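Below: the structure, in structure tokens.
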Amino acid sequence: MSFSYLIYLYILICVCLIAFEIGWLIYYGARERLQRKRTAQYEEYLRQQCETLASGGELPPLDNRQKLFFRNVFSNSHKIIAFACAFQNVSNEYPDEIRSAVGIVDEEALYIMKHVQGHTKSASKVYSLKLYADMTAYTWRNRPGRIVEYQFAFLTDPSVYCRTYAMDVLYAVGTANDLHRAVMLLSNKNLFYHPKVLMEGLMSFRGDHRVLSLLLIRDFDSLSEDYRIAVLEYCRHRAPLIGPFLVDFLTGEYSVDVKCTTLRYFRKYPIPEAKEIIIDFLENDSKYAWEISAVAAKALSAYPEPDVKELLKRKLSHPNWYVRRNSAESLVAIGLFVSEKAEIMNHSDRFAREILEYNLVVAEKSKMRVGADLPGGDVL
Amino acid sequence: MSILYKVVNALCSAFAVYLIVYATFLFLSVIIGASTMYARRRRTYYENKLDVKSFIPISIIVPAYNEEVTIIETVRSLLALDYDKYEIVVVDDGSKDDTSKVLIEHFGMQPVIRPIRSRISCQPVEQVYECYDQKVSITLIRKKNGGKADALNMGINASYYSYFICMDADSVLQYDSLRKIVTPILEDDKIVACGGAVMLCNGVTLKDGKVIKYDLPKNIIACMQAVEYSRTFLASRLLFDRFNGNLIISGAFGLFKKDTVIAAGGYDHDTKGEDMELVVKLHEFCVLNKIEYTIKYAPDAICWTQAPERLKDLRTQRKRWHVGLFQCMYKYRNFFANPKMGPVAIISYLYFLLYELLSPYIELLGIVLSVLIVVLGIINVRFAIVFFFVYVLYGMILSITSYLTTIHLQGLHIRPVSIFKIIGLSLFETTYIHFVMLWTRATALVGYRKNKRNWGTIQRKKIDNS
């Protein structure tokens, strides 16, 4: 091809890019101005409603015009964003009145939910759900009804945000049975849900944690690995009395991560039935993965008994670095007599001396308790 | 003469194709970059619901060598981060100044005998200090000098948590940067590394990691770099992010999964571009071991860093970057057009080879050819001027719009008069600095064998973060 034609082609591409950049800026600017105008209109509407309520008046039932208004808001993601901004701004001024101001009757809310389900773009669903969760958690808390059912359709959406927001609605207004069903659905569909996000969400559940934790533990074997970890971590934070139901996880055919997470549970809520098993993990460590022995060493800090102390002292010389370190931390947490400290400081193992001395210094100087609660999944 | 004519014509055509491919790439990048940033901005209207309270714990590793001027502000900015669970590990790589001393005195650090397990080999520890009075624990490790990569490896060995961030000692993390850089991990469990965006703090007033006042740097060299950084991040990183093809995570701010980095061998001592080398290594390690992985980019996780303000320092920096790029590209030459390594080899590696490593030589050749084609009459002078004008205008528009888009999407504001400054700067950059840097990069490999481990020195200034 002639060199000149190639240069013309290059010039053409450059001109297209320049045109695109300029066009984009104009489009973006126009869009932003439209959004600001929409937000201002919605703010005015919400403010009028709130002022009526604040002055002691009552809002009449939604008429057709208002129903159309709400349906219009939820039909388009840009409008949803504008409404959400307006909602946020007005809720800062009228925190008590705002949710009543947007209280939507049953049929209307269900209509909107049906419509949102039909949005092809996950982004629209996400924004709709978030707005809906914010607006209606107050309205629906005492009469969740069919609104809860609609969340299950969103749980299988590819967008993790959509799933998260659906779960948020369930945490706020669902029952323990609803949440149990939701977790089983997510697990069976093999949908990625970060264990920390799930754990945090379950912790924010407003219903009976004991009932929920027992339901989840009952069907523990049906859960996938990530969900098992999340459920155990949740139990560690919200279910102090279900220890007896978890002992089998230490002895059964479960993964290293499940056993380590269970050990962390027993470190926080020690029960006598678990003690011998944990001691066995550390005493006969050759039979188990090193991670289990290391976490067992840490878990034994919850059992401040003489036989445990002696075992931990012996394990200060263990070949595994983490077992030694955790044994030292547990010994310091349990507490050592001056004579015991002296005995270890005269030990022939240099590492045993160093690791214990380090932990004693940290315990003395640090504001944190040695052996403090570590995030789930960490062995250290 | 006709043979010369034909040769020059053929070379010019090849050079024109080279320019066309690059222009097309930039065009695609800008479209994708702009739409990605726009979508992200829409999402920021809502509170991030993956912003969990029990955060993913992170170890922040700060390798330091002769950083007594900036290290206190850097650590103070880390203490002001809006995040619950993290630790700070500063590794003093045998500094000849008072880097350790200023830290020990300022934070009241105490010497401890702390055993550190060497999962990656590095130079021995001289002393460990710890501090327990701050919001999070701060560990200072003094070690024998071994280079930045060695210091990072020591930091990895000493770190407590499963994820670590590497950053530069002359940088300041924005207060919300940890939350922003961790978000992709909550969305996708396959992420092994995530890069943040680097912006220049020259001319910016920060307080506890928050931008109080933003303005273009007064210094023209720093100002030009501010525009250049925006163009690079918006134009290429976001595009590569789409197909898991990012070959670089800036050494100033990157989040990594510790176990994967250790399994891959940690940072390499033998290269000046250790940040790029690690990322390419992670690509290779995961592909060869059939590990499902993603390397992501979080454009709203911001790290503020200093840009060199003297041309001499800028040239030193760019020479080092080019040598690092060469070392990395050479070390991983098995990536070249290798379909087994995936799109990262076919697209990203090829792009970096042609448009980063070899571009100074190709562009210099292009300049020579441009003169020749006018002399030989292949094109007339007027056409050559039009071409040069379009070339300059294209570069300017790209720089200006990238910078303004980045500023707007980060929620920053500049004075209207600064826009004229940016227009003037982009013209200055496209017509002068670009060619200075071209020559700098083209000569970067001269004396390579003798200087391959020498980093050079760059003048540092105290960051305004009070």
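Here is the naming used below: chain letters follow the sequence lines, and residue numbers restart at 1 for every chain. Note that this is a predicted model, so its numbers are computed, not measured.
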With heavy-atom distances below 4.5 Å as the criterion, would you say the side chains of [X] and [Y] are in contact?
| X | Y | answer |
| --- | --- | --- |
| Leu17(A) | Ile397(B) | no |
| Tyr358(A) | Ile113(B) | no |
| Phe192(A) | Lys190(B) | no |
| Ile7(A) | Phe383(B) | yes |

query = chain B: which of Ser204(A), Cys14(A), Pro195(A), Gly201(A) shares the most heavy-atom pairs with it under 4.5 Å?
reply = Cys14(A)
query = Nearest heavy-atom pair of Cys16(A) and Phe27(B): which atoms, and what distance?
reply = CB-CE2, 3.8 Å
note = Here the pair of heavy atoms bringing Glu21(A) nearest to Thr401(B) is OE1-OG1, 2.7 Å
task = Among Leu9(A), Ile11(A), Leu12(A), find the residue that satisfies the side chain to side chain contact (heavy atoms under 4.5 Å, CB included) test when tested with Ile20(B).
result = Leu9(A)
ask   = Counting only heavy atoms not in Lys189(A), do more than 12 sit closer than 6.0 Å to its NZ atom?
value = no
Quick check for you: to the nearest 0.5 Å, what is the distance between [X] atom [atom1] and [Y] atom [atom2]?
| X | Y | atom1 | atom2 | value |
| --- | --- | --- | --- | --- |
| Lys196(A) | Leu186(B) | NZ | CG | 9.0 Å |
| Ser13(B) | Tyr5(A) | OG | OH | 12.5 Å |
| Ile13(A) | Phe25(B) | CD1 | CZ | 13.5 Å |

ask   = For Phe205(A), what residues pass the ring pair (Phe, Tyr, Trp, His ring centres under 6.0 Å) criterion, not counting sequence neighbours?
value = His209(A)
inquiry  = Need one label for Glu357(A): side chain, backbone, both or neither, based on atoms under 4.5 Å from any heavy atom in chain B.
reply    = side chain
task = Check each atom of Ile31(B) against the heavy atoms of chain A and say whether the ones under 4.5 Å are side chain, backbone, both or neither.
result = both
ask   = Using non-hydrogen atoms only, which part of Ile185(B) is less than 4.5 Å away from chain A: side chain, backbone, both, or neither?
value = both
request  = Find the one option among Val17(B), Val386(B), Leu26(B), Asp188(B) whose heavy-atom pairs under 4.5 Å with chain A are most numerous.
outcome  = Asp188(B)
ask   = Quick one: of Glu130(B), Gln110(B), Arg114(B), Arg117(B), who has the most non-hydrogen atom pairs under 4.5 Å with chain A?
value = Arg117(B)
message = For a ring-ring contact (aromatic ring centres under 6.0 Å, His included) check, start with the C-alpha distance between Phe387(B) and Tyr10(A), then their side-chain angles and the critical distance, and finish with the verdict.
response = CA-CA 9 Å; Phe387(B) 167 65; Tyr10(A) 172 74; 5.7 Å; yes
